[in-house]
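Contents: one structure, followed by commentary.
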Amino acid sequence: NRPTPHDDHPARRVSQRQGLPPLNRKMASASPLVPALALLLAAAFVAPPPALAVQPDARSMGSVGATTLDRVTIDDGSFRKGGKEFHFIGFNQYYMLDKARRPSERHIVDETLKDAAELGMTVMRTWAFDDRPTGLQVLPGVFDEDTFRALDYVLDSSARHGIHVILALVNYWPDYGGMESYVKWCTHSTTVANRSVSEFYENPACRQMYKNTVQTVMTRRNTYNGRVYNEDPTILGWDLANEPRNPGDPSSNVLARWIREMSHFAKLVSPRQLITTGVEGFFGLTTPNLALNANPGRDEWDSWICEGTDFVRFHSLPHVDFTVAHMYPDLWVDRPCNGSYYCKELFASRWVDTHIEQSVMLGKPFVLEEFGSTANTSSAGTRSYARDMKHREDVFETVFTEMEEAASRSEISVGSLFWSFSSLKYPDYDGFSVYAPPRESKTSEEPQTVDGGAGGREFDWGIASWSTAVGGEPSALLPRAEGGPSGLHLGYARHAGDAKRVQKRKKAPAVREIPQEVSQGRVDHFIL
């Protein structure tokens, strides 16, 4: 049975609620056991009373400029940092704000960033929103100062660990309040029943509330280092929203107008930082052939168009600096692939490659800012679980290979951020978590258990480190590398100036033998 996260620690789950159109993305079941990732890694609130946010006293600030990163910019389709082309591998983690505002758990923020930095990751994507009565914005324009200071801490710690941040400004999904909160605020309602998410995009009061939030967050002065957010080079860029959709609008006009208006506004407030959409990357009527043939599934292409999004149209807007997409083959194409891992991996390859091609045509860098593969953790400790982990490795390898080839061509810069990289102290609520190995790991004969975090569970690291590389037998964790990343496929993320380019490596899932379920016609939709 799926563990239900504590209300103060909502996982990235999708709930069916009355009011706004039902959310179509279904999350796979989670498990108390933590999945491993041999390819990437060695093995795999009570909020304070609301208070109006005020600018902190200067005496509480650190010195401006301490642990300052080089700013990431864009020039001719390329991310640039320190005069060099910048490609990156990074991660998502939604719990940073929650953990930073609890003194007893703030160390989890530092540990997560430290582990990521040691593995060679250089960018994190996380939330700059929590629009609930116990969150960051407790009422329209009213921000909890303690929670704001928690966001200050996340940014300061990121800078200290050499990791840039992409911040999302609002959630389409109802977790952490989301657009539903804005719709209730701007319509003076206590419920969103019989209302549409379109009101968030079209209601003048909602749009102004969102602009007020953008300005408040971007002009915040960090209480730890004194830097104003819109001048802080730690922030690589801003997502206008996390996975915005507008169901029922195949024209994509409503969301296109909103992105045009808000990207322009964000650029006025933060002219030196990068702005992007935060969309999942579904193709719309601007590219009808891709809408029909590249969106997930054979019989579902029209349903994706009806979500009101259009990758090419949105990212061609003048104030959108780089393109983004998300990818979850285990969720999106499990039915049309009839569960075939091979089919899902081919979808992953085509999805990434197609978005890179369209980004090259737009002349803008591309970031796969969310992707992941879940595990059938109900069969943990069996060969089925080992196959799930091998499939996860193959999905990640597919992504990294496509990115590496794009980087070697030097047409645009690319980056990838997997979902999600977590502390061992945090349970795997959604089945997508990736963990770094403990610094002093034990052998599988002496299982190591750790505190399960919010869920109050423990897990067996011997099971969690299940390896497919040795015939499905549990294996000891690979050691961390001294002075460098361990386990990460960083070929495309390394750069050594304009004169040196990443060497192209060919490794794609298409070279494998066609699986039996495909050759015998048991797969409903096979993507070539």
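Note that the structure is predicted; figures quoted are calculated from it, not measured.
A salt bridge links Asp110 with Arg160; the closest basic N to acidic carboxylate O contact falls under 4.0 Å. A salt bridge between Glu180 and Lys184 is absent, with no side-chain N of the basic residue lying under 4.0 Å from a carboxylate O of the acidic one. In summary, Glu261 and Lys211 engage in a salt bridge, as defined by a charged side-chain N under 4.0 Å from a carboxylate O. Using a 4.0 Å cut-off between charged side-chain N and carboxylate O, Arg149 and Glu145 make a salt bridge. Ionic pairing of Asp330 and Arg392 is not present here: no N-O contact between side-chain nitrogen and carboxylate oxygen is shorter than 4.0 angstrom.
Note that Lys364 lies outside the cation-pi zone of Phe322, set by a 6.0 Å cut-off to the ring centre and a 45° limit from the axis.
No side-chain donor-acceptor contact under 3.5 Å links Tyr153 and Asn222. Looking at Tyr182 and Gln137, their side chains do bring a donor and an acceptor atom within 3.5 Å of each other. Looking at His315 and Ser359, their side chains never bring a donor and an acceptor atom within 3.5 Å of each other. A donor-acceptor contact closer than 3.5 angstrom is absent between the side chains of Asn212 and Arg207. When only modelled atom types and interatomic distance are considered, Asp428 and Ser433 share a side-chain donor-acceptor pair under 3.5 Å. Of the N and O atoms on the side chains of Ser181 and Arg132, not one donor lies less than 3.5 Å from an acceptor on the other residue. No donor-acceptor contact under 3.5 angstrom links the side chains of Asp239 and Thr276, judged on distance only. With hydrogens and angles left out, the side-chain atoms of Ser422 and Gln93 include a donor and acceptor closer than 3.5 Å. Neither side chain, His107 nor Glu105, offers a donor N or O lying under 3.5 Å from an acceptor on the other. No side-chain N or O of Thr191 forms a donor-acceptor pair with one of Ser189 less than 3.5 Å apart.
Considering only heavy atoms from C-beta on, Ile166 comes within 4.5 Å of Leu417 through its side chain. Residues Lys81 and His164 form a side-chain contact, since some pair of their non-hydrogen atoms from C-beta on lies under 4.5 Å apart. Using a 4.5 Å heavy-atom threshold, the side chains of Thr398 and Val352 count as separate. Residues Phe314 and Val320 form no side-chain contact, since every pair of their non-hydrogen atoms from C-beta on lies 4.5 Å or further apart. Between Tyr210 and Leu169 the shortest side-chain heavy-atom distance falls below 4.5 Å. Residues Leu113 and Met96 are in side-chain contact: their nearest non-hydrogen atoms beyond the backbone lie under 4.5 Å apart. At a threshold of 4.5 Å between non-hydrogen side-chain atoms, the residues Leu255 and Pro244 count as touching. Met262 is not listed as a side-chain neighbour of Ile259, based on a closest heavy-atom distance of 4.5 Å or more.
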>> With side-chain contact (heavy atoms from CB on, under 4.5 Å) as the criterion, how do Asn92 and Phe418 come out once you've worked through the C-alpha distance, each side chain's angles and the decisive distance to 0.1 Å?
In response: CA-CA 6 Å; Asn92 285 264; Phe418 64 87; over 6 Å; no
> What do the steps show when you test Glu357 against His355 for side chain to side chain donor-acceptor pair (under 3.5 Å), and what is the final call?
Replying inline: CA-CA 5 Å; Glu357 290 176 353; His355 284 83; over 6 Å; no
> After noting the C-alpha distance and the side-chain angles of Ser251 and Asp249, does the key distance pass the side chain to side chain donor-acceptor pair (under 3.5 Å) rule?
Replying inline: CA-CA 5 Å; Ser251 72; Asp249 178 24; 2.5 Å; yes
> Given the rule in the side chain to side chain donor-acceptor pair (under 3.5 Å) test, do Tyr426 and Asp98 qualify, once you have shown the distances and angles that lead to the verdict?
Replying inline: CA-CA 12 Å; Tyr426 197 72; Asp98 283 337; 5.8 Å; no
>> For a ring-ring contact (aromatic ring centres under 6.0 Å, His included) check, start with the C-alpha distance between Tyr328 and Phe432, then their side-chain angles and the critical distance, and finish with the verdict.
In response: CA-CA 10 Å; Tyr328 292 94; Phe432 289 89; 5.3 Å; yes
>> ring-ring contact (aromatic ring centres under 6.0 Å, His included) for Phe371 and Phe396? Distances and angles first, verdict last.
In response: CA-CA 8 Å; Phe371 73 95; Phe396 276 66; 4.9 Å; yes
> Run the side-chain contact (heavy atoms from CB on, under 4.5 Å) check on Val279 and Glu243 step by step: do they pass?
Replying inline: CA-CA 4 Å; Val279 299; Glu243 300 185 337; over 6 Å; no
> Can you check side-chain contact (heavy atoms from CB on, under 4.5 Å) on Leu274 and Ile74, steps first, answer last?
Replying inline: CA-CA 8 Å; Leu274 306 179; Ile74 292 177; 3.9 Å; yes
> Going through the checks in order, is the side chain to side chain donor-acceptor pair (under 3.5 Å) test met by Asp175 and Tyr94?
Replying inline: CA-CA 11 Å; Asp175 299 306; Tyr94 63 85; over 6 Å; no
>> Could you walk me through whether Glu111 and Lys425 satisfy the salt bridge (Lys or Arg N to Asp or Glu O under 4.0 Å) test, starting with their C-alpha distance in whole Å, then the side-chain angles of each, then the deciding distance to 0.1 Å, before giving a yes or no?
In response: CA-CA 10 Å; Glu111 290 169 4; Lys425 297 179 176 66; 3.3 Å; yes
>> Applying side-chain contact (heavy atoms from CB on, under 4.5 Å) to Phe148 and Leu97, what does each step give before you reach the verdict?
In response: CA-CA 9 Å; Phe148 237 146; Leu97 191 59; over 6 Å; no
> After noting the C-alpha distance and the side-chain angles of Arg125 and Glu370, does the key distance pass the salt bridge (Lys or Arg N to Asp or Glu O under 4.0 Å) rule?
Replying inline: CA-CA 9 Å; Arg125 179 172 175 265; Glu370 279 191 34; 2.7 Å; yes
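Classified by interplanar angle (parallel below 30°, tilted 30° to 60°, perpendicular above 60°), the ring pair Trp419/Trp127 is tilted. In this pair, Trp332 and Phe282 present their aromatic rings tilted. The plane angle is within the 30 to 60° band.
In this structure, the side chain of Asp321 engages the main chain of Ile275 through a donor-acceptor pair within 3.5 Å. The backbone N or O of Ala266 sits nowhere less than 3.5 Å from a side-chain atom of Ser270 that would complete a donor-acceptor pair. When atom types are taken as modelled, the side chain of Tyr176 and the backbone of Val170 share no donor-acceptor pair closer than 3.5 angstrom. A distance-only check finds a donor-acceptor pair linking the side chain of Asp310 to the backbone of Thr286 [under 3.5 Å]. No donor-acceptor distance shorter than 3.5 angstrom exists from the side chain of Ser157 to the backbone of Val154, with no hydrogens or angles considered. Remark: the backbone N or O of Pro365 is paired with a side-chain donor or acceptor of Thr323 at under 3.5 angstrom. Side chain of Asn295 to main chain of Ala291: a donor-acceptor pair is present (N/O by atom type, distance under 3.5 Å, no hydrogens or angles). Checking side-chain atoms of Trp351 against main-chain N and O of Met327 turns up no donor-acceptor pair under 3.5 Å. In this structure, the side chain of Arg106 engages the main chain of Ala100 through a donor-acceptor pair within 3.5 Å.
Between Asp232 and the options Arg221, Arg272, Arg227, a side-chain hydrogen bond (donor to acceptor under 3.5 Å, both in side chains) holds for only Arg227. Checking each of Phe79, Phe91, Phe86 against Val123 for a side chain to side chain contact (heavy atoms under 4.5 Å, CB included) leaves exactly one that passes, namely Phe86.
Other residues, nucleotides and ligands place no more than 12 heavy atoms under 6.0 Å from the CZ atom of Arg260.
The two residues Val269 and Gln215 make their nearest non-hydrogen contact at CG1-CA, 4.3 Å. Of all heavy-atom pairs spanning Gly135 and Val138, the tightest one is O-CG1, 3.6 Å. Between Gly162 and Leu69, the closest heavy-atom pair is CA-CD2, 3.7 Å.
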